[in-house]
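Here the structure is laid out as structure tokens; the discussion comes afterwards.
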Amino acid sequence: MVAELYPPLVWIRVVDQGLPAQDWAFIGTQLALLVVVFGVQQLLSAWRGLILERAGQQLTLDVRLAVYRKLQSQSAGYFESQRTGDLIARVTGDVDALQDVLVRGTDSVIANLLRLVGVIGIFIALQPTLGVLTTLPMLAVGLMLWRYGKSVRPAYRAARSAWATLQP
């Protein structure tokens, strides 16, 4: 996230210091630093993607093996009332959805949270009063969303429970 939030800070220095002084060496150094930071960001992004993909594949394998063991422990009567193809299709789809939510969703939430904290920190460091005034409405919206989610959660769980009891 640091590498992602760094480029605007370089442009601030280029525009506020380098261009008024027409210090082309300073501008060149800042732009070279920007290229290095971009390269590091790409390497770290590829590394993160590799780690997430490995974790996701391991999670998928573990969940599929657990579900397979559970299905194997069912009685023969259970399979008489259920179509095997439907069971496999539902298990495959559910495990893939679980992988997307747990791996990619968690990564997105954490990355966006770190971006938000970084931007707030930069705002407050550059202009403390403006930074705080900008942050207060975001905190109020976050609090309202949290309260809304808390009040909707029981209804959502009831709807999911009702959906789970429906037979295909």
Side-chain angles (χ1 to χ4, degrees), residues 1-70 88-153 156-157 159-160:
M1 290 306 112
V2 173
E4 192 174 303
L5 296 174
Y6 187 71
L9 299 175
V10 169
W11 290 114
I12 286 174
R13 286 196 298 273
V14 166
V15 170
D16 289 348
Q17 297 170 12
L19 288 177
Q22 294 186 357
D23 186 354
W24 304 114
F26 176 78
I27 293 171
T29 304
Q30 293 299 312
L31 294 179
L33 182 60
L34 190 61
V35 169
V36 169
V37 168
F38 180 73
V40 169
Q41 177 189 8
Q42 293 304 309
L43 289 173
L44 291 175
S45 178
W47 183 60
R48 185 183 84 196
L50 181 66
I51 289 173
L52 285 173
E53 192 59 37
R54 283 185 181 172
Q57 292 300 322
Q58 187 62 48
L59 172 73
T60 302
L61 176 65
D62 292 345
V63 171
R64 284 192 175 142
L65 289 174
V67 170
Y68 180 73
R69 282 191 292 275
K70 179 66 176 174
I88 296 301
R90 288 197 324 239
V91 165
T92 302
D94 289 349
V95 170
D96 288 342
L98 181 66
Q99 179 186 0
D100 283 344
V101 168
L102 290 179
V103 176
R104 291 177 187 88
T106 302
D107 178 52
S108 294
V109 168
I110 291 172
N112 287 331
L113 182 64
L114 289 174
R115 276 187 201 99
L116 179 65
V117 169
V119 168
I120 289 171
I122 291 170
F123 276 169
I124 292 174
L126 292 176
Q127 287 288 333
T129 305
L130 183 61
V132 169
L133 289 175
T134 305
T135 304
L136 289 177
M138 288 190 286
L139 292 175
V141 168
L143 178 64
M144 287 186 283
L145 286 172
W146 176 74
R147 289 187 66 202
Y148 175 76
K150 192 175 175 181
S151 66
V152 169
R153 190 172 295 125
Y156 177 75
R157 286 190 179 153
R160 292 292 293 170

>> Quick check: closest heavy atoms across Val15 and Pro20, and the distance to 0.1 Å?
In response: O-CD, 3.0 Å
> Looking at CD of Gln127 and CZ of Phe123, how far apart are the two atoms once the value is rounded to the nearest 0.5 Å?
Replying inline: 11.0 Å
> Which pair of non-hydrogen atoms, one from Ile124 and one from Val132, has the smallest distance, and what is that distance?
Replying inline: CG1-N, 4.1 Å
> In Å and rounded to the nearest 0.5 Å, what is the CH2 to OG1 distance from Trp24 to Thr29?
Replying inline: 13.0 Å
>> Using 0.5 Å steps for rounding, measure from the CG atom of Leu59 to the CZ atom of Arg64.
In response: 10.0 Å
> If we only count heavy atoms from C-beta on, is the Ile51 to Arg54 side-chain gap below 4.5 Å?
Replying inline: no
>> How about CD on Gln42, more than 12 heavy atoms from neighbouring residues, nucleotides or ligands closer than 6.0 Å, or not?
In response: yes
>> Could you measure the distance from the CG atom of Asp107 to the CZ atom of Arg48? Nearest 0.5 Å is fine.
In response: 4.5 Å
>> I want to check something: taking the side chain as every heavy atom from C-beta on, are Phe38 and Leu34 in contact at a cut-off of under 4.5 Å?
In response: no
>> Nearest 0.5 angstrom please: Leu31 CG to Trp11 CH2, how far?
In response: 4.5 Å
> Can you tell me if OH on Tyr6 sees more than 12 non-hydrogen neighbours from other groups inside 6.0 Å?
Replying inline: yes
> Is the closest side-chain heavy-atom distance between Ile12 and Leu126 below 4.5 Å?
Replying inline: yes
> Please, which pairs that meet salt bridge (charged side-chain N to carboxylate O under 4.0 Å, His left out) have at least one residue in residues 3-16, sequence neighbours excluded?
Replying inline: Glu4-Arg115
>> Could you work out, with side-chain contact (heavy atoms from CB on, under 4.5 Å) as the rule, every residue matching Ala3, not counting sequence neighbours?
In response: Val37, Gln41
> Measuring from Thr135:OG1 to Met138:CE, what's the distance to the nearest 0.5 Å?
Replying inline: 4.5 Å
> Where is the tightest heavy-atom contact between Pro137 and Leu133, given as atom of each residue plus distance?
Replying inline: CD-O, 3.0 Å
